[in-house]
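Below: the structure, in structure tokens.
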Amino acid sequence: QVQLVESGGGLVQPGGSLRLSCAASGSLVKIWAMGYYRQAPGKQRELVATITDSGSTNYANSVKGRFTLSKDNAKSTVYLQMNSLSPEDTAVYYCNGRISTVQRLSPTDYWGQGTQVTVSS
């Protein structure tokens with residue numbers, strides 16, 4: 001029904017920057033919200049940032065001031081600009097979309113495949 005394709009992960013040095021992208025496709029009716037969650041080894045998955053259809057953003061306290069989530073509605077794509085990266089940001093970053101489709105009109109969460117972000121010197 002929905003595919004969320006992520007890109008942009010990789011290895012970066014502390015203090016560096018990285019930009020993640022997530023593009024939604026499929027039988028989309030409405031994207032209510034999109035964002036990123038991350039999971040580090042041995043830890044629970046946690047919210048990083050979300051953005052609603054209206055443009056309201058929500059950030060984890062740990063990334064406020066460093067990460068910026070934006071969207072391109074025409075492309076059904078969100079971008080996570082990550083600056084001042086720290087080893088603590090190392091995790092698999094999963095794109096999430098709360099989306100209504102032709103087949104399922106009720107808002108449903110979909111997940112991307114995940115992309116590895118490693119911050120290390």
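Every value quoted in this text rests on a predicted model; they were computed, and no experiment measured them.
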Are Val119 and Tyr93 grouped together when hydrophobic residues (ILVMFWY) are joined by side-chain heavy atoms under 4.5 angstrom apart?
-> yes
Take atom NZ of Lys30 as the centre, draw a 6.0 Å sphere, and report whether it contains more than 12 heavy atoms from other residues, nucleotides or ligands.
-> yes
4.5 Å side-chain heavy-atom contact, Pro107 and Ile99 = no
Which distance, rounded to the nearest 0.5 Å, do you find between the CG of Asp89 and the OG of Ser62?
-> 7.0 Å
Does any donor atom in the side chain of Gln116 or Thr118 lie under 3.5 Å from an acceptor atom in the other side chain?
-> yes
For atom CZ of Arg45, is the number of surrounding heavy atoms from other residues, nucleotides or ligands below 6.0 Å larger than 12?
-> yes
Derivation of the side-chain contact (heavy atoms from CB on, under 4.5 Å) call for Trp32 and Asp53 = CA-CA 5 Å; Trp32 301 93; Asp53 178 65; 5.6 Å; no
Would you say the side chain of Thr108 lies within less than 4.5 Å of the side chain of Thr101, judging by non-hydrogen atoms?
-> no
Where the side chain of Lys71 meets the backbone of Thr52, is there a donor-acceptor pair that is under 3.5 Å apart?
-> yes
Hey, what do you get for OG (Ser70) to CD (Gln81), rounding to the nearest 0.5 Å?
-> 8.5 Å
Going only through I, L, V, M, F, W and Y residues with side-chain contacts under 4.5 Å, is there a path from Leu28 to Tyr110?
-> yes
With a 4.5 Å heavy-atom cut-off, do Arg38 and Val63 have their side chains touching?
-> yes
Report the C-alpha distance between Thr68 and Leu80 in whole Å, list the side-chain angles of each, state the deciding distance to 0.1 Å, and finish with yes or no for side-chain contact (heavy atoms from CB on, under 4.5 Å).
-> CA-CA 6 Å; Thr68 302; Leu80 183 66; over 6 Å; no
Does Val92 share a hydrophobic cluster with Leu20, counting links as ILVMFWY side-chain heavy atoms below 4.5 Å and allowing steps through other members?
-> no
What closest approach, in Å, do Val78 and Cys95 show between heavy atoms, and which atom pair accounts for it?
-> CG2-SG, 4.5 Å
Taking the side chain as C-beta and beyond, is there a heavy-atom pair between Thr50 and Met34 under 4.5 Å?
-> no
Could you check whether the rings of Tyr94 and Trp111 sit parallel, tilted or perpendicular, using 30° and 60° as the cut-offs?
-> perpendicular
Do Glu6 and Ser21 meet the criterion of a side-chain donor-acceptor pair at a distance under 3.5 Å?
-> no
Here the pair of heavy atoms bringing Pro14 nearest to Ser120 is CD-C, 3.6 Å
Val48, Ile51: one ILVMFWY side-chain cluster at the under-4.5 Å cut-off?
-> yes
Residues Lys64 and Tyr59: closest non-hydrogen pair is CE-O, 3.3 Å
Min side-chain heavy-atom separation Phe67-Asn83 under 4.5 Å | no
Give, for atom OG1 of Thr90 and atom CG of Leu11, the distance between the pair rounded to the nearest 0.5 Å.
-> 8.5 Å
Write down the atom of Asn96, the atom of Leu4, and the distance for their closest heavy-atom approach.
-> C-CD1, 4.0 Å
Does Tyr37 belong to the same Ile/Leu/Val/Met/Phe/Trp/Tyr cluster as Leu69, with side-chain heavy atoms less than 4.5 Å apart forming each link?
-> no
Euclidean distance, Cys22 SG relative to Lys75 NZ, rounded to 0.5 Å = 14.0 Å
Side-chain H-bond candidate by donor/acceptor type, Asp72 with Thr77, under 3.5 Å = no
Provide the closest heavy-atom pair for Ser106 versus Ser100 in the form atom of the first, atom of the second, distance.
-> C-OG, 3.9 Å
Would you say Arg66's side chain and Ser84's backbone share a donor-acceptor pair under 3.5 angstrom?
-> yes
